[in-house]
Every structure is written in structure tokens, then in C-alpha cells.
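What follows is one structure encoded as C-alpha cells, with my remarks underneath.
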There are 2 protein chains.
Amino acid sequence: MKRTGKARGVRPYHHGDLRRSLIDAALALVAEKQDWTFSLREITRRAGVSHNAPYNHFADGDDLLIAVAAAGFERLRDHLRAAVSGITAPDKALLACGRAYIELALKNPALYRLMCGPALAKSTGSRPAGAREAAEEARAVLEEIIRRGAQSGAFAVSPDDPLEQAKVVFFAWSVVHGLSMALLDGFAETEITLDDMVKEIERGLLKGLTPRKSSR
Amino acid sequence: MKRTGKARGVRPYHHGDLRRSLIDAALALVAEKQDWTFSLREITRRAGVSHNAPYNHFADGDDLLIAVAAAGFERLRDHLRAAVSGITAPDKALLACGRAYIELALKNPALYRLMCGPALAKSTGSRPAGAREAAEEARAVLEEIIRRGAQSGAFAVSPDDPLEQAKVVFFAWSVVHGLSMALLDGFAETEITLDDMVKEIERGLLKGLTPRKSSR
DNA sequence: ACAACGATATGGACAGTGTCCATATATGCC
DNA sequence: GGCATATATGGACACTGTCCATATCGTTGT
């Protein structure tokens, strides 16, 4: 059963796929403790390896956490794709996308915070391939919706101005991100449900606050 | 000059106001390193005290960080108040408030992250008086603007429905928070300026995306 | 004024941590 | 087969958070 072996680099090694095992162990710890201040050694204990094993796959502890965040973005991407698949109306898709995003963030707050914090905070250069990539693919879901809405005339966005579309994408992303974070932070003093937030997205993002037929 | 001493509890002590000194030292470290992973002992070194001194004022390291976050919210509150003072038109005030918020967040990203992370993440009970208080006072600035806009008819919000107003406040806060974070996270692939964001707030929050005179 | 007391700071100690180094062991290629 | 290299292990060290006992100062009651 010897593999001809072209040194792909990303396959089971001596001890199995330890890199993946470590990331999974860390993901489990984040989910359990809702925190990522656990020690690197705790991860190795859970994975059943020596306390020095990670250094063959990660530069240091932060590097491992970045990889964990990357895994989180992959999940987000898949979740968003699944949520909007089959929905053709841009406004419906936008709401479904926002709902799915918030849903996932609230399901594992610590992981979401981890994704937003350390991983993205560091200079963009040092991020492993998967992280930036998955994050951009997640955003691509939203981009596609905005683009379709601009072309169909459902959104008040010029279909021929990519920069304007990019700004709207940025804004829409910020809205759901902000909603998620504000809720995570317990910033909603009043009881606010997921449906309330979707309604607020509809109201605030689609319709705006300025009266349609002003009384002036 | 002896004070009659009614044990107010919040005045210079034996060694001066060490509690405040420690918070200031930590604030300085956060600003310098743009990170809060430094050790408690490093703070004590900078403050010139023993490595055990903090334990007379804080339960543990996290407790100190929470106090640092509280100090950050006080700054934010003051900054917002200063930014909107004297602006009467609700829509102008809203934009000025958002601009000031983002401005401050971008000036010290690490502090802003700290405020949003550990401090607010923990259960609301354990937070020191100042934190929640200052955060609510900061939000009160926004609440006031929304309330005025609702009453004057500048915003499409019922002036008699506090819950509706609360939701709009929540949404508006989320928007600026999300914009700040998205920018901090380097999420804007295209070059986006502060003015761009204010314009996007105006467009997205006030006017909305749905065409006014739809072509349907 | 003075003594007793509580609050505040200090130094010592200990387990746990991150990371370097040298060493062992498996894997892939010839 | 044998060798280079990637992968895992154990030892070591400085550093950290936090507990404990001790020293010092401020306040309060009398």
C-alpha cells in the first residue's frame, strides 16, 4: 500500500493528520469553553500528543488560532451558500443571508469573536491560505446578491459601477456583523429576537429611515 | 489638613491612587502594543509596584482588563457628547455621531476591540459600576438623537413607540459598530475613507436601498 | 494622643505555560 | 536495502498568574 508519493504535503503523515487534529481539538475547546485563552498544552493533551508536536505545523500558538479562525470562515461560507441557494429574489436572498449569518454567529459566539479578532487583526500577509480565502468566498455570497439586485433594479445601486457596489457590499456586511456583535455583547437592553433583527435589516437597510412621503 | 474621613473609599490611598495608575498603565500598554496579551506583571513593572499589588484592587487579570474597557467607554461617551453638542438637526447629528464613533474606534483599534470583547462578553453582573454605566451613557447620546428625530418627523419612526425607537437605536448602533469593525478587520478590500462611510450611513441608514420610484 | 485594626503593599513560593534545543522515529525517494 | 527529511518526543528555562505570610501605612475609637 505504498503511495507513489508526490509530496503533496497535505496528507496523513507519520501520526495521522495532526494539523487537522489540533485544529479540531481547538475548535472543540472553543465551543466548550466559549473562550480561547486555553493553553497550547491543553490542546496537545486533548489530541493525545506531546506538548511540542504543534511546532511542526504551526509557528506558535497564535498561528494555530488563526488556522482555527480560518476553519470558522469555511463554515460560515458553507452556511451562507446553503442559506441562499435557490432564492432568486435579491431582497429575499439578502434577508436570508443576513439571517443565516447572525444565526451562525450566535450559535458559537466565541468562535465568531475569534474569527473577527486575532485572525483578521494581524497583518494580512501572515494569514494562511485558507483564512483569507474562505472569508472572501463568504463575502462573495453577499456580493453576488448585491450584484443581482443592482442589475434587476431591485436595489438602488448602479449596475455599472463596481465601486458603488463594493461600498454597498461593505455596508451590508457591516450591518449584519454589527447586529451580531451588538447582540453578542448584550447590547440589546430590550428583548430582541432574530426575526426582529431581520425586520430591522429590511427596514433599515432596504427602506431607510427617512419618510417616503414627507409631511413637510 | 486632616480630612474628617467618612471612608468614601474612592480616594488616594497609602501609595497614591494605585487603582487608577494600574488602569492608566494598562491603557498605555494597549495603545503602544495594540494588543492586550501583555502580562499583569508587565503592568506592575510599568507602574513601579510589586507584582502583587493589583490584587488589592482587582480580583484577577481579567478584572483589570474590564476596568480598562470601562475607561474606554468613558472616553467614547465624552467623545460622542462633544461631537453632537450644538447640532440640532437630527439627521446631521446622527451622521456626526457616527463619524465620531468610527473616528475614535479607528484611532485606537486595540482598545476598541478590548471594549467589545472581554468586557462585554462576560456576564453582565460582574462588571464594575463604571463599565455598564459609561456604555449606557454613550448609547444615550444616540438614543436622544433618534428620539428627537422621531418627534420632529425627520425619521420614519413613531414618536410614541419606545420599543420601536429602541430597535432603531439598536440598529443604528450596530451599523456604526459594524462599519468600525469591518474596517478594523481589513474587510474593505477597496480603499474606503471615513467620509465614504458617513455617506454610506446616510445612504444606507437614512435613505435605504430600495428605489424611491420603483420601475415595476 | 495613642493603640488597635483594617486596608494596602511586598516578597517568597509553586504549578503551569510558551518556546528553544537535542534527540528519537517514521516516511518517501533512490 | 540506505539515506535525507519530515515529524514527534522529552528536557530545560524564563516567565506568568495567583496563593500565602509578612510588613507598612491610614483611620477610627477612645
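In this text, all values refer to a predicted model and were calculated from it rather than measured experimentally. Within every chain, numbering begins at 1; the chains are lettered A, B, ... in the order of the sequence lines, protein sequences first and strands thereafter.
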**Message:** For the CD atom on A:Glu32, are there more than 12 heavy atoms of other groups (residues, nucleotides or ligands in this structure) within a distance under 6.0 Å?
**Reply:** yes
**Request:** For B:Asp91, enumerate each residue passing the side-chain hydrogen bond (donor to acceptor under 3.5 Å, both in side chains) test, keeping only those at least two apart in sequence or located in another chain.
**Result:** none
Rounded distance (Å) that lies between atom [atom2] of [N] and atom [atom1] of [X]:
| X | N | atom1 | atom2 | value |
| --- | --- | --- | --- | --- |
| A:Arg20 | D:dT7 | CZ | P | 17 Å |
| B:Asn56 | C:dG11 | CG | C1' | 14 Å |
| A:Tyr55 | C:dT17 | OH | P | 12 Å |
| A:Asp63 | C:dG18 | CG | P | 14 Å |
| A:Leu22 | C:dG18 | CG | C1' | 15 Å |
| A:Leu18 | C:dT25 | CG | P | 18 Å |
| B:Leu64 | D:dG17 | CG | P | 11 Å |
| A:Arg19 | D:dA8 | CZ | C1' | 17 Å |

**Message:** Does B:His51 contact C:dG12 through a side-chain donor or acceptor facing the base, at a distance under 3.5 Å?
**Reply:** yes
**Message:** Could you check whether B:Asp35 pairs with B:Arg113 (Lys NZ or Arg NE/NH1/NH2 to Asp/Glu carboxylate O, under 4.0 Å)?
**Reply:** no
**Message:** With the threshold set at under 4.0 Å for non-hydrogen atoms, list the residues of residues 38-46 of chain B touching DNA chain D in residue-number order.
**Reply:** B:Ser39, B:Leu40, B:Arg41, B:Arg45
N/O to N/O distances under 3.5 Å, protein versus nucleotides 21-23 of chain C:
none

**Request:** Give the minimum heavy-atom separation between B:Pro54 and B:Leu40, together with the two atoms involved.
**Result:** CG-CD2, 3.5 Å
**Prompt:** Under the side-chain contact (heavy atoms from CB on, under 4.5 Å) test, which residues partner A:Ala71, sequence neighbours left out?
**Reply:** A:Arg20, A:Ile23, A:Leu27
**Item:** Test side-chain contact (heavy atoms from CB on, under 4.5 Å) applied to B:Gln151 - qualifying residues, sequence neighbours left out
**Value:** B:Arg147, B:Pro159
Show me the donor-acceptor pairs within less than 3.5 Å that the side chains of residues 95-104 of chain A make with the rest of the protein, sequence neighbours left out.
{"residue": "A:Arg99", "atom": "NH1", "partner": "A:Asp195", "partner atom": "OD1", "Å": "3.2"}
{"residue": "A:Arg99", "atom": "NH2", "partner": "A:Asp195", "partner atom": "OD1", "Å": "2.6"}
{"residue": "A:Tyr101", "atom": "OH", "partner": "A:Tyr112", "partner atom": "OH", "Å": "2.6"}

**For B:Glu137, the option from B:Arg75, B:Arg77, B:Arg132 that meets salt bridge (charged side-chain N to carboxylate O under 4.0 Å, His left out)** = B:Arg77
**Side-chain touch B:Ser174/A:Glu200, heavy atoms, less than 4.5 angstrom** = no
